[in-house]
Protein chains: 2
Amino acid sequence: MNVTIERKSDCAALPKGWQREEIMRKSGLSAGKVDVFYYSRGMRTDVSLVPPIRQTASIFKQPVTVYKTQDSKSKADLKHGTLDKPNQLFWAKRLEGLRACDVDGVELGPVELPKGLKPVGPNVDDGTLLQSVATSLHVTSQAVTGQQASKAVLQMNPGVFLNPDQPLMHSVNINEDDIRRQEDRVQVARRKLQEALKC
Amino acid sequence: MNVTIERKSDCAALPKGWQREEIMRKSGLSAGKVDVFYYSRGMRTDVSLVPPIRQTASIFKQPVTVYKTQDSKSKADLKHGTLDKPNQLFWAKRLEGLRACDVDGVELGPVELPKGLKPVGPNVDDGTLLQSVATSLHVTSQAVTGQQASKAVLQMNPGVFLNPDQPLMHSVNINEDDIRRQEDRVQVARRKLQEALKC
DNA sequence: CGGAGTGCTGAA
DNA sequence: TTCAGCACTCCG
């Protein structure tokens, strides 16, 4: 069966930026009927709309959190009563002293964190920070952004200002430069791989 | 809303020995919807039936391969003509010299492999072995078992005896002792975690 | 659990 | 009879 593919282009009658797509049903009782889809930007298959997967060494898939600029409530927000049980303050401290080990049971050395990540709270060092960040990335489905309150206020009164849903680190601001640097790193890695594979 | 949990028991309308289980989706866009499962023996929640996830530092989920003793064909076997394009011999060698680096671009040191893993083939060292094993774990959907041919024969005539679908390592035999040792390691790790969490 | 794709159905 | 709008299934 030959099918003429409809131009998926902007349509005069549509608000600016909207697109109309017509998909013909290919089989079944309703074969030949047409479903019409409208998109405000990008198409169904637009790869740029799919959040990338976190490049953490994790056995769980961890898609990056997407912030929507339009005020579209997420479906989860509309549901009532799916509250998780509250986290204990400083729960990450219970993991202190634990360390991953290799096949022979030898504990791994300390991991160096990026300079941007600063621990907060009494007696929170880089090790605890790493454990709380790693756990957050695995456990929470929210964005991992760190603590919003100032260092002084957190030190003074953590019971009030510490957010137990976030790791024990200062909030991190990712700026354009950080993104560019990360893109560069990815570029370099890709080039190396390409180089290696093309022989 | 109160929900009566369906007894997960034999149902009159089902053939003898079959069970029906209704599982409510707990999160996501389709939260609240129900998936229905039927089993002829055992339940879904029988932990022993769920293949464990490989504990590799991988962003892909990698369930351990399950060998069934009953002659139930796997789903993949039932599909016809899904042949992958053949692998090049010694493809892993193209990755030699590549190494992961940390956030600052500093390359990571060499990784120590378990004693059981021995490289095979001309000029294949532990680094190449690691890369080929890691790639196999990510790429293939088969069991990763290593090369079956003897070292002598592989060295002599790799074009004939090397299996490009397997990493450049000798076949590994996992015996009861290995399994027990691994179970012990898991026990120890679990106890440590439990200890840490119960304060 | 999500997404693509088809089935179903009440209103017109 | 038609079909918009959603329900539902299937599969990865």
Side-chain angles (χ1 to χ4, degrees), chain A residues 1-6 8 11 13-14 18-54 58-68 72-79 81-82 84 137-143, chain B residues 1 3 6 13-14 18 20-39 43-45 47 49-54 58-66 72-84 137-142:
Chain A
M1 173 173 61
N2 270 314
V3 177
T4 308
I5 305 291
E6 181 95 3
K8 296 151 198 140
C11 170
L14 256 36
W18 283 76
Q19 292 184 303
R20 174 194 168 97
E21 188 180 15
E22 304 192 348
I23 302 285
M24 184 172 294
R25 297 192 172 190
K26 289 176 277 295
S27 62
L29 295 176
S30 55
K33 304 232 184 268
V34 168
D35 290 305
V36 183
F37 298 86
Y38 297 90
Y39 309 96
S40 64
R41 53 169 163 275
M43 295 303 284
R44 263 183 334 144
T45 47
D46 190 339
V47 170
S48 71
L49 293 178
V50 180
I53 300 292
R54 279 186 215 285
S58 159
I59 58 171
F60 306 104
K61 285 181 180 170
Q62 289 288 341
V64 156
T65 309
V66 175
Y67 281 105
K68 295 222 166 58
S72 65
K73 279 215 196 317
S74 81
K75 216 171 178 181
D77 293 340
L78 298 173
K79 295 216 178 67
T82 15
D84 290 324
L137 286 171
H138 277 163
V139 167
T140 188
S141 57
Q142 314 165 19
Chain B
M1 175 174 59
V3 176
E6 180 97 1
L14 255 37
W18 282 77
R20 176 194 166 99
E21 189 180 10
E22 303 193 351
I23 301 289
M24 185 170 297
R25 296 190 173 189
K26 287 177 277 298
S27 62
L29 297 175
S30 58
K33 302 237 183 262
V34 168
D35 291 307
V36 182
F37 299 85
Y38 296 91
Y39 310 95
M43 293 302 284
R44 196 175 135 286
T45 44
V47 169
L49 293 177
V50 179
I53 300 292
R54 281 187 214 285
S58 161
I59 58 171
F60 306 101
K61 284 180 182 171
Q62 290 289 341
V64 157
T65 309
V66 175
S72 66
K73 279 211 197 316
S74 82
K75 216 171 179 183
D77 294 338
L78 297 174
K79 294 215 177 73
H80 44 75
T82 14
L83 294 174
D84 289 322
L137 286 170
H138 277 164
V139 167
T140 189
S141 57
Q142 315 164 20

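Quantities reported herein were computed from a predicted structural model and do not represent experimental measurements. Chain letters run A, B, ... following the sequence lines, proteins first and then strands; every chain starts at 1.
For the pair A/Glu22 CD and D/dC3 P, the computed distance is 13 Å after rounding to whole Å. One interatomic measurement links the two molecules: NZ of B/Lys33 to P of D/dC10, which rounds to 16 Å at whole-angstrom precision. Put simply, CD1 on A/Ile23 is 10 Å from C1' on C/dA4, counting in whole angstrom units.
With sequence neighbours excluded, the residues that form a side chain to side chain contact (heavy atoms under 4.5 Å, CB included) with A/Val36 are A/Arg20, A/Glu22, A/Val34, A/Tyr38.
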Polar-atom pairs under 3.5 Å, protein N or O versus N or O of nucleotides 7-12 of chain C: list them with distances, or write none.
{"from": "C/dG7", "atom 1": "OP1", "to": "A/Leu29", "atom 2": "N", "distance (Å)": "3.0"}
{"from": "C/dG7", "atom 1": "OP2", "to": "A/Leu29", "atom 2": "N", "distance (Å)": "3.0"}
{"from": "C/dG7", "atom 1": "OP2", "to": "A/Ser30", "atom 2": "N", "distance (Å)": "3.0"}
{"from": "C/dG7", "atom 1": "OP2", "to": "A/Ser30", "atom 2": "OG", "distance (Å)": "2.9"}
{"from": "C/dG7", "atom 1": "N7", "to": "A/Arg25", "atom 2": "NH1", "distance (Å)": "2.7"}
{"from": "C/dG7", "atom 1": "O6", "to": "A/Arg25", "atom 2": "NH2", "distance (Å)": "2.7"}

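What you find for A/Met24 and A/Gly32 is that their closest heavy atoms are CG-O, 3.7 Å.
The strand DNA chain D forms stems, runs of 3 or more Watson-Crick or G-U wobble pairs with distances below 3.5 Å, at C:1-12 with D:1-12.
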